[in-house]
Amino acid sequence: MRNIARKGIHYWQKLSAANVPAELIENGQNRVIDASLTLIRERVKLKGELVRALGGAVASSSLLGIPLGHNSSFLQGPAFAPPRIREAIWCGSTNATTEEGKELNDPRVLTDVGDVPVQEIRDCGVDDDRLMNIKAPLRPLVLGGDHSISFPVVRAVSKKIGGPLDILHLDAHPDIYHAFEGNKYSHASSFARIIEGGYARRLLQVGLRSINSEGREQGKRFGVEQYEMRTFSRDRHILENLKLVEGVKGVYILVDVDCLDPAFAPGVSHIEPGGLSFRDVLNILHNLQADVVAADVVEFNPQRDTVDGMTAMVAAKLGVYISVVDCLDPAFAPGVSHIEPGGLSFRDVLNILHNLQADVVAADVQVEFNPVDGMTAMVVAKLVRELTAKISKMKD
């Protein structure tokens, strides 16, 4: 994908070198950008009309895909993530209700406004200085894409609400390099741009476990509250009872999928063991007291979302116990027909069975085993569902 994008840019650079007037090229590129975003704008308008007509909503979220991967330092697979996440959100293996009871089928809760056609825009020679100025709708729930998309979205939301945001950032990495590998828009530099621009009043980073001296120095320089996984057991009570309400215009939640331990989400470009469980993340989100005005979910790489044979082994060991395999969190049993993140660990099940005081006269194992991959897509989809519940607000 990176090579294709470079070909497009190089072609337009050749036109510039061939004495084609710069104004002609820029005007043409502006028309392409405007035309590319027209469908998204009209869908946002339609969504607003529907929400107003139906009534009863205080706030509603707009699902927006940004399939951008060229600012990744390692793999560009996140560019292919939005359609896979959408597929998982509406997958028939589960219902359309969040754990807090909100119905995603209600347009007052969530409306899909489409994808920004990043590749098509870049094919016309539009560079990142202009691409990063594309505006997002109000209260967007953005599907990445690599983490570089967070900067333009946070900037757009901050400008719309008229002030800096409090940001809750879940990630294995602080992404606060000044300009990683010389790229100021690198996915590893998004927070340097956000803070330098004055778009964050307070930044809390949770799940960190791949942080070097520059990451810590930049964190101190910018006054970032960094919570590392090595102290998570000590910090858990704080993080599961966050209040971001006083003196802030709104709260933005950023979830880099690699904040999760790879047992729960293997489909990421940068695998960092020792992370959060899916239930840890949900506990933080469910208990957060804040006016969430926007969120993004980034760095899911569907090209690495493969798990082979794991559930067969789990089912085999469960053969001597009574169990339904899809009671387990998919980290322990990804190959089930109905993937539901946030479940029991394998040890939870064994502890229940080992400590059971009963005269067991029969048992069965309802395997529900389905050797089809896509676990991380479902994990990300459920994250999107629960973030939707935080953004959307209905009248009492």
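In what follows, residues are counted from 1 in the order of the sequence shown.
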For this session: Show your working on side-chain hydrogen bond (donor to acceptor under 3.5 Å, both in side chains) between Tyr177 and Asn212 and close with a plain yes or no.
Result: CA-CA 10 Å; Tyr177 287 98; Asn212 60 14; 2.8 Å; yes
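- Scanning both residues, Ile176 and Phe222, for their nearest heavy atoms gives CD1-CD1, 3.7 Å.
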For this session: Might you work through the side chain to side chain contact (heavy atoms under 4.5 Å, CB included) test for Leu170 and Asp256, ending with a clear yes or no?
Result: CA-CA 6 Å; Leu170 307 177; Asp256 185 320; over 6 Å; no
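- No side-chain heavy atom of Val298 sits less than 4.5 Å from a side-chain heavy atom of Val255.
- Note that the CG atom of Leu168 and the CD atom of Glu225 stand 10.5 Å from one another [nearest 0.5 Å].
- For the residue pair Arg130 and Asn30, a side-chain donor N or O sits within less than 3.5 Å of a side-chain acceptor on the partner.
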Exercise. Given Val268 and Arg304, is the side chain to side chain contact (heavy atoms under 4.5 Å, CB included) satisfied, shown in steps?
Worked result: CA-CA 6 Å; Val268 295; Arg304 303 194 84 181; over 6 Å; no
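- Put simply, the side chain of Val32 does not reach to within 4.5 Å of the side chain of Val126, judged on heavy atoms.
- Using cut-offs of 30° and 60° for the angle between ring planes, the His173 and His270 rings count as perpendicular.
- Residues satisfying the side-chain hydrogen bond (donor to acceptor under 3.5 Å, both in side chains) test with Ser36, not counting sequence neighbours, are none.
- Side-chain polar atoms of His187 and Glu299 form a donor-acceptor pair below 3.5 angstrom.
- Across all their heavy atoms, Leu260 and Arg209 have their closest contact at O-NH2, 3.1 Å.
- With contacts defined as side-chain heavy-atom distances shorter than 4.5 Å, the pair Thr97/Lys102 does not qualify.
- Two residues are said to be in side-chain contact when any heavy atoms from C-beta on lie closer than 4.5 Å; Asp175 and Ser189 fail this criterion.
- Pairing each heavy atom of Ser269 with each of Asn301, the nearest pair is OG-ND2, 3.0 Å.
- Taking all atoms of both residues into account, the shortest heavy-atom contact from Arg86 to Gly114 is NH2-O, 3.2 Å.
- Both Val113 and Ile33 are assigned to one and the same hydrophobic cluster, defined by single-linkage of ILVMFWY side chains at heavy-atom distances under 4.5 Å.
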Problem set entry | Worked check of salt bridge (charged side-chain N to carboxylate O under 4.0 Å, His left out) between Lys243 and Asp166 | CA-CA 11 Å; Lys243 295 182 181 180; Asp166 277 8; over 6 Å; no
For this session: Please test Glu49 against Arg52 for salt bridge (charged side-chain N to carboxylate O under 4.0 Å, His left out), starting from the C-alpha separation and ending with a verdict.
Result: CA-CA 5 Å; Glu49 293 167 357; Arg52 286 190 292 273; 5.1 Å; no
For this session: Check the pair Lys47 / Asp112 against salt bridge (charged side-chain N to carboxylate O under 4.0 Å, His left out), numbers first and verdict last.
Result: CA-CA 9 Å; Lys47 172 212 171 74; Asp112 193 342; over 6 Å; no
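- Geometrically, Arg234 does not engage Phe232 in a cation-pi contact defined by less than 6.0 Å to the ring centre and at most 45° from the axis.
- Taking both residues in full, the closest heavy atoms of Arg108 and Gly55 are given as NH1-O, 2.8 Å, listed atom of the first, atom of the second, then distance.
- Distance alone, capped at 3.5 Å, places no donor-acceptor pair between the Glu272 side chain and the Ser210 backbone.
- To the nearest 0.5 Å, the span separating CG on Asp106 from CG on Leu54 amounts to 7.0 Å.
- Criterion: ILVMFWY side-chain heavy atoms under 4.5 Å apart, direct or through other members. Under it, Val142 and Tyr199 are part of a common hydrophobic cluster.
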For this session: Run the numbers on Glu100 and His286 for side-chain hydrogen bond (donor to acceptor under 3.5 Å, both in side chains), then give the verdict.
Result: CA-CA 8 Å; Glu100 294 182 323; His286 287 168; 4.6 Å; no
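- Between Trp90 and Asn105 there is a side-chain heavy-atom pair separated by less than 4.5 Å.
- The hydrophobic cluster containing Leu276 also contains Ile238, counting ILVMFWY residues as joined when their side-chain heavy atoms lie under 4.5 angstrom apart, directly or transitively.
- Looking at Tyr252 and His169, their side chains never come closer than 4.5 Å, going by heavy atoms from C-beta outward.
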Exercise. Stepwise, does the salt bridge (charged side-chain N to carboxylate O under 4.0 Å, His left out) test hold for Arg193 with Glu196?
Worked result: CA-CA 5 Å; Arg193 303 291 82 76; Glu196 287 171 354; 3.1 Å; yes
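- The cluster map of Ile, Leu, Val, Met, Phe, Trp and Tyr, joined by side-chain heavy atoms under 4.5 Å apart, puts Leu204 and Val248 in different clusters.
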Problem set entry | Audit row: Ile40, Val116, side chain to side chain contact (heavy atoms under 4.5 Å, CB included) steps and yes/no | CA-CA 8 Å; Ile40 292 175; Val116 176; 3.9 Å; yes
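- Between atom CG of residue Leu143 and atom CD1 of residue Ile89 there is a gap of 5.5 Å, rounded to the nearest 0.5 Å.
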For this session: Take Tyr227 and Leu208 through the side chain to side chain contact (heavy atoms under 4.5 Å, CB included) test and state the conclusion after the steps.
Result: CA-CA 6 Å; Tyr227 293 90; Leu208 302 180; over 6 Å; no
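- Rounding to the nearest 0.5 angstrom, the gap separating the CG atom in Leu165 from the CZ atom in Arg201 is 10.0 Å.
- Legend: residues meeting side-chain hydrogen bond (donor to acceptor under 3.5 Å, both in side chains) with Ser150, ordered by chain and number and at least two apart, are His147, Asp296.
- Side-chain contact between Gln218 and Pro174: absent, with no pair of heavy atoms (C-beta onward) separated by less than 4.5 Å.
- Note that the CG atom of Asp115 and the CG atom of Leu68 stand 11.5 Å from one another [nearest 0.5 Å].
- Residues Phe278 and Phe264 come closest through the heavy atom pair N-CD2, 3.7 Å.
- Between Asp258 and Ile271, the closest side-chain pair of non-hydrogen atoms is not below 4.5 Å.
- Note that the CZ atom of Arg155 and the CD1 atom of Ile194 stand 10.0 Å from one another [nearest 0.5 Å].
- Transitive grouping of hydrophobic side chains (ILVMFWY, heavy atoms separated by less than 4.5 Å) brings Phe151 and Ile66 into a common cluster.
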